[in-house]
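Positions are given from 1 along the sequence. When a ligand or atom number is given, it counts from 1 through the structure's own listing order. Side chains are part of it too, since the values below use all heavy atoms of this structure and drop only hydrogens, waters and symmetry mates.
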Amino acid sequence: MKHMTRRQLLASLPLAAHPLPPYGTLPSPRQFRWHALEFYGFLHFTMNTFTGKEWGYGDEDPSRFAPSSFDADQIVESLAAAGMKGVILTCKHHDGFCLWPSKTTDHSVRRSPFRNGRGDVVKEIADAARRRKLAFGVYLSPWDRNHPQYGRPEYVQVYRQQLHELLTSYGPIFEVWHDGANGGDGFYGGAREKRTIDKRSYYDWQATWEMVRRLQPDAVIFSDVGPDIRWVGNESGFASDTSWATYDPVGPDGGPSAPGHTRYKEGGVGHRNGAKWLPAECDVSIRPGWFWHENQNDKVKTPRQLLDLYYKSVGRGAGFLLNVPPDRRGLLHEADTASLRTLGSALRATFARNLIRKAPRPLLDNNRETYVAASEITAELYPATTFDIIRLREEIRLGQRIDGFEIDIPDGAAWRTIARSTSVGPCRILRLDQPVAAAQVRLRVTRSAAPPAVAEFSLFKEQGL
Ligand code: FUL
């Protein structure tokens, strides 16, 4: 290939030799660590598993929570087999039933037959995750259809107390998940009425989040509006094809936003040059429902469907939060574990080895913290090798810089463009319609807000399905 110009040569030197100034808003260290997880599991498990509901009313008898052979290791192992690096448990869903023996309420495992009332599902999952080296996170529904005080100021203290228990008794927490579904009808200690709240002011989220920061400074906080991770705006598991890590949430009326009170559809694309680093997370269930239902055992997403969602979430710079609900035994069902296993082996086989043999070292070292400052990079594969997956990463601690890029392969004496796309950020995976074979592959950044800082350029051949 042609010789590098002096500018290109300078630009291809690694960070220490040629540092780039950062551009725009940047991820916090806790967000930067979160970006490395990419794929993690959601466990929707509670009273609903036994009543067959999706949203319990809050009047369910705790005696109904009776998994026959709960096994946290089986659950966590199955998630790890899929390649997940963390797990978030619904410690309390909208029905208010607490999976740990909370001091704030009687409506908990303490009054259930599970481990004769001495069990703690949160502890068992947290411990199993730790054993398997998966990060552990907590979902705690702000809406509580059981609690008599829901809708009144007292309940906000209860919610904080519950969160306090979760953040102080179960070791390091990587993510705290606040659901935007809030308020409506419920049992409320027997009142059986509708209680609506002002989503912007009722919870005083700032005070709650300050507590999270104090108790678990490394945890990222998820909600429709962050402050660390944003909802992608759908429950189908995909980000928009162009998706920015930056975002400035606003309320539906253009005013202040709050969890459950945003123009949530904007979460898919985000906002180019938004003032906040607020990357998207894609939450989706492996089944039609969030909870396990017998009649959905034959509706489990296939490994191919899951892989497609992986490309459309992780591959667009978002997190992939895949829900796999335990069944009434307290196990992940065979249909789900089979899908997870095949997905995991496909991901491992596909991404095992970057097919590029020669390129500037920072691109090949599998290290998101080293980069090449260049807008054109030619990589070599020898002999000519077949690939259908292209993965790029920016050094996001220097900001989201790239707006557009193209991928070329040699075609006689010229180059032929085989793929083009837009945002990169923490991760961009392109999947070609047809595998191509080439001995050289060129990345060309066609538009960028600042000189590009490319942390990874890899090629793979999809396999394992
Ligand atoms: C929604 C809830 O209403 C669903 O039950 C589920 O927990 C999902 C993850 O979030 O807002």
Side-chain angles (χ1 to χ4, degrees), residues 39-58 60 65 79 84 86-99 121-122 125 137-147 150 159 162-163 166 175-187 194-197 199 202-203 205 220-226 229-239 249 252 257-265 267-268 280-293 296 299 301 306 309 313 318-327 336:
F39 180 29
Y40 41 96
F42 216 175
L43 297 173
H44 273 67
F45 182 53
T46 193
M47 200 59 92
N48 294 340
T49 314
F50 301 90
T51 59
K53 295 186 195 165
E54 277 289 310
W55 280 12
Y57 188 68
E60 296 78 15
F65 185 79
L79 301 181
M84 297 187 195
V87 51
I88 299 177
L89 171 69
T90 54
C91 301
K92 178 187 86 171
H93 200 250
H94 306 329
D95 58 67
F97 183 75
C98 294
L99 292 188
V121 177
V122 179
I125 295 286
V138 294
Y139 166 113
L140 183 69
S141 171
W143 185 21
D144 189 321
R145 303 173 92 190
N146 172 265
H147 205 279
Y150 182 78
Y159 183 73
Q162 294 178 342
L163 197 53
L166 293 174
E175 180 165 330
V176 177
W177 217 93
H178 300 294
D179 203 316
N182 276 310
D185 62 338
F187 177 65
K194 186 166 180 191
R195 293 187 183 172
T196 44
I197 49 127
K199 291 179 180 172
Y202 177 57
Y203 293 101
W205 284 113
V220 288
I221 301 172
F222 165 95
S223 82
D224 295 349
V225 299
I229 310 297
R230 74 176 192 257
W231 184 38
V232 76
N234 66 65
E235 292 183 337
S236 309
F238 61 87
S257 60
H261 187 76
T262 48
R263 291 182 180 161
Y264 63 90
K265 288 192 178 141
E281 178 185 84
C282 303
D283 60 320
V284 60
S285 186
I286 196 167
R287 291 161 169 254
W290 288 100
F291 289 90
W292 180 86
H293 306 289
Q296 296 182 354
K299 298 193 175 63
K301 290 188 175 65
L306 295 175
L309 293 180
S313 54
F320 183 21
L321 174 58
L322 176 62
N323 178 63
V324 195
D327 62 15
D336 307 63

Q) Should the proximity of N323 to ligand 1, defined as any heavy atom under 4.0 Å, be assigned to the side chain, the backbone, both, or neither? A) neither
Q: Calculate, to the nearest 0.5 Å, the distance between atoms OG and CG belonging to S141 and N182 respectively.
A: 6.5 Å
Q. Is the ring centre of F65 less than 6.0 Å from the ring centre of F45?
A. yes
Q: Considering heavy atoms of the protein only, find what lies nearest to atom 5 (O) of ligand 1 and give residue, atom and distance to 0.1 Å.
A: H93 NE2, 2.9 Å
Q: Could you tell me whether H94 and ligand 1 have an N or O pair separated by under 3.5 Å?
A: yes
Q.
For atom 7 (O) of ligand 1, what is the closest protein heavy atom, and at what distance to 0.1 Å?
A. H44 NE2, 2.7 Å
Q: Run the numbers for me: atoms of ligand 1, each under 4.0 Å from some heavy atom of F42, listed by number.
A: 9 (C)
Q) Sub-3.5 Å donor-acceptor pair from the side chain of S313 to the main-chain atoms of L309, do we have one? A) yes
Q) For W290 and ligand 1, does the shortest N/O to N/O distance drop below 3.5 Å? A) no
Q. If you count the atoms of ligand 1 from 1 in the order shown, which ones are under 4.0 Å from a heavy atom of D283?
A. 9 (C)
Q: Give a yes/no verdict on whether any heavy atom in F291 is under 4.0 Å from an atom of ligand 1.
A: no
(Q) Please list, in number order, the atoms of ligand 1 under 4.0 Å from a heavy atom of A181. (A) 3 (O), 11 (O)
Q | From Y150 atom OH to D144 atom CG, the distance as rounded to the nearest 0.5 Å | A | 8.5 Å
Q: Run the numbers for me: atoms of ligand 1, each under 4.0 Å from some heavy atom of Y139, listed by number.
A: 7 (O)
Q: Indicate yes or no for a side-chain donor-acceptor contact from T90 to the backbone of L43 under 3.5 Å, with no hydrogens or angles considered.
A: yes
**Q.** Ring centroid separation H44 to Y139 under 6.0 Å
**A.** yes
Q.
Could you check whether any side-chain N or O of N234 sits under 3.5 Å from a backbone N or O of G237, counting only pairs where one atom can act as donor and the other as acceptor?
A. yes
Q.
Between H293 and E54, is there a side-chain donor-acceptor contact under 3.5 Å, judged purely by atom types and distance?
A. yes
(Q) Can you name the atoms of ligand 1, numbered from 1 with element, that are less than 4.0 Å from a heavy atom of E235? (A) 1 (C), 8 (C), 10 (O), 11 (O)
Q) Among protein heavy atoms, which lies nearest atom 1 (C) of ligand 1, and at what distance? A) D179 OD2, 3.2 Å
